[in-house]
Structure formats: structure tokens, C-alpha cells
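Note sheet for the following structure.
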There are 2 protein chains.
Amino acid sequence: MNLLSIDRLPENLRHAIALRELAPEQILFRQGDSASAFFIVEAGRFRIARYVPEGRSLTLQIAKAGDSFAEITLFSDVYAYTATAEIASRIIIYPKRELLAALHQHSDLLEDFMTRLIRKNLSLITQLQLKNIRAAHRRVLQYLYFLADAENVDAVSFDRPLNQIAIDLGLSPATFSRALTRLEQEGRIVREQNLIRLQNSSIA
Amino acid sequence: MNLLSIDRLPENLRHAIALRELAPEQILFRQGDSASAFFIVEAGRFRIARYVPEGRSLTLQIAKAGDSFAEITLFSDVYAYTATAEIASRIIIYPKRELLAALHQHSDLLEDFMTRLIRKNLSLITQLQLKNIRAAHRRVLQYLYFLADAENVDAVSFDRPLNQIAIDLGLSPATFSRALTRLEQEGRIVREQNLIRLQNSSIA
DNA sequence: CGCATAGTTGACTACGCTCAACCCTGGTGG
DNA sequence: CCACCAGGGTTGAGCGTAGTCAACTATGCG
């Protein structure tokens, strides 16, 4: 049993969860807001980002259907980041109190929750690793490999504007564009519309 | 009850844990090794780092007394990173099997474990945020603020070579040094031996 | 048809890296 | 007690590359 199999959740929790619809660019919660719930995306797409006075914003996660965020809610009183619906979306809301109770009583739910935490951890490590690669074209190539690897395919198609992806990768749109053309010239990728085909899928 | 209060752990787990001493630069486990245990530092200092073919190594964590690592062990078969003792150290070893059992039966242990996971999460986010600051001197200043904040003081003293810290921050030693002198010239910090005093502790 | 947004390309700038020389400290051995 | 050495830290010169700004193109929508 996992948190998404809603109809099989323990009764207390099942009655406590709620759904909410969000319009494009609508904000679900802001960094600093008092943290009252944990969330799983049912449909649409959310951007989880941190905004700091110094420096630009930092995208921590792009959450799509089935992905969760705000695990920290259970152990902290405020959100550490901001969640925005990038497109029209629907979200499942698990209130903190009832979720905590359910986790304590149902170890299979707990396992699901911890697995999500670990996954998030690994994803953050992946991001750090990416940003540790200085050369723009190498970073982009590695990013493409990660994406392809995750879905076990040899081509990647983007559902978000390239400009946005560039920023998330820590590159300016201009540099990102140049990196892509360079990778294509080097024969590492082939571009067809917004589809990118990887040539030597071996992550060198 | 937390994982560190060894004499109060459930019996099964208490009998399963072990201690180990490591010499400077000795490796505890390597990325790719089969994951068999979770660890908490009792004394000394460990560097948790990821090594990748492309790009330089990436320091994920500096674990000191009381800090834990390899939580991922419980949900994965191999270590995703390498753990090295930077100095002579002593480590507590919690075997996977017995730890898992204990977590399932003792919800206070579990809470401790999850709290550690969340903390790790936040620490990774902090690192991402740091590396998101391009200007070397700003990044260094923010790093100093984080350190001072964590210990609730207005001065930071380093127990590791500056060169190593520079690398962990994603800077060359030269650039790091220049950043420090610049911060001092700007009046943001004052250096006294290996102690750094922060001037305007408000994180602007 | 025109506007807005996304993407590409060019010219210039800025900043971090590299490499190298130099300094300073502590430890060792004569 | 001093000479030497090794490692860590600082400083300088030159280079490479990502960012910025701006112009231009392409696409989609009113």
C-alpha cells in the first residue's frame, strides 16, 4: 500500500485528504508559509523552487503526476520553498496531523514515505553532480543522459520551454542554446523539433 | 530515544551494532560496494564524496561526531558514494537487517531516523543554493553565514585545510583565497589566524 | 496582419581557472 | 641552534568560457 492508492488508505487518512485544482502560475504555498500538509501531484506540473535575496532562484524539483513534495512538513513548521503550478494542475493534499498518525500505524505507508524521501535525496545529489560539471555542453549532455536513463529510452522530448530548462541547469538560455548546437555538431545528439536523440548512449 | 543512545536501544539492535577505528585517509566503503550498514560517527571526521568519470569529485557531506550517513543503505543494494576518514576516527556500524527491524518496531527510533533524512535533505538544498551563487566572494560569504548560523555564533574557525574547503565549495584554492581577502577589504569579515569573524551577521 | 513569446546568433565583458612563483609555518636532522 | 624541507596559503599574469545585451528569426495566436 502506498500513499497514492487512495481508496485503500486507512479510514482516518482517507477522509482527511483533499483535492485542489490550480491554474497556470498559481502558487500552492510560499516559502515561509506555515507548513500544514504534504502533497502528491495528481495531474499537471509543479515547480518547487527556493528564492533567496542574493542570487537567482533555484529550482529544486519539477513534480509531475505521482511525484510528491513538502515531506519536510512533517518535521518543520514552515515551508522551505515555494510550490507553483506551471500549468493547470490537480493536487492531493495530505494534512500533516492525520498523515503523521497514519504513518505511525501503518508501516507499509511509512515505507512508501521513506522511499520518497530517499528518492528526493538521490535526486538532489544528481543535481549537485550536474552543477559540478563546469563546461556547459558537458553538463547539458549529462543532463540528457540522466533524463534518457530515467525513462530508459535513447531520446528526450521536452514539455517545458528550453529557456526554463536552461535556468534550472544553471545556464543562461543563450549558453544552453550554444551547448545544444555544439553537441549536435560533435555528433553527440540529433535534434528533431523538440525531440533530442542521443547518439552514444554510453555515459562516457 | 534516538539511534545514538546506544545503551537504551532495543536488545536485538544493541547486540548487532559494532565499532570500528579508522586511520587517516582510510576508506570505510566505496561507491559501488554492496551496502550492508548505516553509520554514525562517534569520533573523528568523514568525507562523503561522489566520484564520476567526467568532472571532478563532489563532496556531499563532512560528517563529524553525531552525524550519520549511508541512510540509503536501507533502500538500496549499493553505496552511491565513497566514505573516507579524513583523520583518525571511530564509527558506529548499524547492520541493515537489524536496523530495519528495529525501525519497524520502535517508532521513536524511526522518528530519529527520518529526522536525519530530512536534515540531510535540507543540507543538500543548502549546498545547491550555495553553488547557485556565482560570484566567488558572495558564495564564500554565504557559506560563512551558514556555518555561523548553524552554531549560532558570529565567528567561524576551520578545522580543515582551506584548500579542501575551497574545492568543496566548487572554487579553486586561489579563487577562494582571493575571495577571502576581498571580503576582508570590504569589511565583511576579519581574519585572525584560522578564525574568521563576521561583521554584519544579518544575512542580507 | 501584427503582436508576443521562444529560440538563435553575434560582440563584448567579466570572472574563475591554470600555472607558476613566492611566502610562511612547523618539523626534522645535522 | 640553525638549515633544510614540505605543505599550505597567497599573489600575479594570461586564458577560456559563460554571462550580458542586443539584434534577428521563427512560431503561434488574436
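Below, chains carry the letters A, B, ... as their sequence lines are ordered, and counting in each starts from 1. Just so it is clear, the values below take in all heavy atoms, side chains as well, and ignore hydrogens, waters and symmetry mates.
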(request) Check every nucleotide of DNA chain D for an atom under 4.0 Å from a heavy-atom of chain B, then give the first and the last such nucleotide from 5' to 3'. (result) D/dG8 to D/dG19
(message) Less than 4.5 Å apart, side chain to side chain, heavy atoms only: is that true for B/V140 and B/I189?
(response) no
(request) Look at atom CD of B/E192 and say whether more than 12 heavy atoms of other residues, nucleotides or ligands are closer to it than 6.0 Å. (result) yes
(request) Using a 4.5 Å cut-off on heavy atoms from C-beta on, say whether the side chain of A/L28 contacts that of A/S89. (result) no
Under 3.5 Å, which protein N or O atoms sit close to an N or O of nucleotides 13-18 of chain C? Give each pair with its distance.
from	atom 1	to	atom 2	distance (Å)
C/dG16	OP1	B/R134	O	3.4
C/dG16	OP1	B/A136	N	2.7
C/dC17	OP1	A/R134	NH2	3.1
C/dC17	OP1	B/G170	O	3.3
C/dC17	OP1	B/S172	N	3.4
C/dC17	OP2	B/S172	N	3.0
C/dC17	OP2	B/S172	OG	3.1
C/dC17	OP2	B/T175	OG1	2.5
C/dT18	O4	B/R178	NH2	3.3

(request) Return the value, rounded to whole Å, for the distance between atom CD of A/E25 and atom P of C/dT5. (result) 12 Å
(request) Return each pair, listed once, that meets side chain to side chain donor-acceptor pair (under 3.5 Å) where at least one residue sits in residues 75-86 of chain A; pairs must be two or more places apart or across chains. (result) A/R45-A/E86, A/R47-A/E86, A/E86-A/R160
(message) Counting C-beta onward and ignoring hydrogens, is there a side-chain heavy-atom pair between B/N132 and A/K131 closer than 4.5 Å?
(response) yes
(message) For A/R30, I'd like to know if atom CZ has over 12 heavy atoms of other residues, nucleotides or ligands within 6.0 Å.
(response) no
(request) For A/L162 and C/dT5, give me the distance from atom CG to atom P, rounded to whole Å. (result) 17 Å
(message) Check for me whether the distance between the ring centres of A/F29 and A/F39 falls short of 6.0 Å.
(response) yes
(message) Tell me the interatomic distance from A/I167, atom CD1, to C/dA6, atom P, rounded to whole angstroms.
(response) 12 Å
(message) Looking at A/R160, I'd like to know whether one of its side-chain N or O atoms comes within less than 4.0 Å of OP1 or OP2 on C/dG7.
(response) no
(request) Evaluate the criterion salt bridge (Lys or Arg N to Asp or Glu O under 4.0 Å) for residue pair B/E71 and B/R116; output intermediate values, then yes/no. (result) CA-CA 8 Å; B/E71 290 86 358; B/R116 289 175 185 276; over 6 Å; no
